[in-house]
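Notes follow once the structure below has been shown.
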Amino acid sequence: MKIVHLPEELRGFGGTTAFVPTMGALHEGHLELVREAKRQANRVVVSVFVNPTQFGPNEDFARYPRNLERDSELAGGAGADVVYAPSVETMYPAGESTRVQVSGVTELYEGAHRPGHFDGVATVVLKLFNQVRPDVALFGRKDLQQCAVIAQMVRDLAVPVRLSFVPTVREADGLAMSSRNAYLSPEERAVAPTLYASLRQAVERLRAGVSSAESLEEARRAVSAVGFEVDYLDLIDASRFVPSAEGNAIVAAARLGRTRLIDNIEL
Ligand code: AMP
């Protein structure tokens, strides 16, 4: 396993490459992507880059956890061949003035609550694709709207890469693994699984014939009752990311203290 910092150092490999973009602070969710990547190609490249352009001015860019040594060890242990850790200057050279803007699927939900977030994501992912030149790139379904955004960009810009979306890895109590879970106080961590539990209950109610409006409202109530501030909790069409009474996913984002958690369940 080698750690490189420049795109030139990724060149000259003959086999197939699977790529896992991350912001580091790796956990079992990321490592599952790495293991799956190893099954899909000869070489696995994991990028570790805390991308400034996808954070809003009042978000956690400055305090986002950074530990390249630990991340490299974990990634290597899961099967990564290369950890690519570019600097901000490498990814955003002086004078850069181009952004990738995907419309439609970015309009609501994360796109509405985090203005500019998906422009930052699409831009950095396209740059990383151009540097790594992977045959396949893997993303987690935990960030379901991000999957839709990347899929739209790849189609629209004819990016020569295959996409693979991996199921959400969860803690034993159902909480979706996330680097941001580290921000939770013990009290917050104890109630955090309610987010996913309420999504599951909503699915059960829908299956039992309860209306989507009532099922969703009950889930919002359950999440709020343990102290979450709900940004959204909605039944959507996951290909377009718009509300739909016959939707195929429930997506949610909610804040617990100063930590914002997202989750979803696909029907
Ligand atoms: P991040 O470092 O948060 O940007 O995440 C990097 C990649 O890991 C993204 O494709 C995420 O969707 C994915 N990911 C993060 N958490 C999980 C999880 N719990 N299960 C599966 N994939 C995840």
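Quick note: residue numbers are just sequence positions, from 1. Counting convention: from 1, in listed order, for ligands and their atoms alike. We use all heavy atoms of the structure for the numbers below, so side chains are in, but hydrogens, waters and symmetry mates are not.
- Taking 4.5 Å as the limit, every side-chain heavy atom of Arg35 sits out of range of all side-chain heavy atoms of His30.
- Among residues at least two apart or in separate chains, ring-ring contact (aromatic ring centres under 6.0 Å, His included) pairs with a member in residues 34-91 are Phe55-Phe61, Phe55-Tyr64.
- To the nearest 0.5 Å, atom CD1 of residue Ile250 and atom CD1 of residue Ile265 are 6.5 Å apart.
- Between the side chains of Asp135 and Thr17, no donor-acceptor pair of N or O atoms lies under 3.5 Å.
- A donor-acceptor pair under 3.5 Å links the side-chain atoms of Gln145 to the main chain of Leu108, judged by distance alone.
- Sorted by chain then number, the residues whose non-hydrogen atoms approach ligand 1 to under 4.0 Å are Pro21, Thr22, Met23, His27, Gly29, His30, Leu33, Phe139, Gly140, Lys142, Asp143, Gln146, Pro167, Thr168, Val169, Met177.
- Heavy atoms only, all atoms of each residue included: Ala238 and Asn248 are closest at N-OD1, 2.8 Å.
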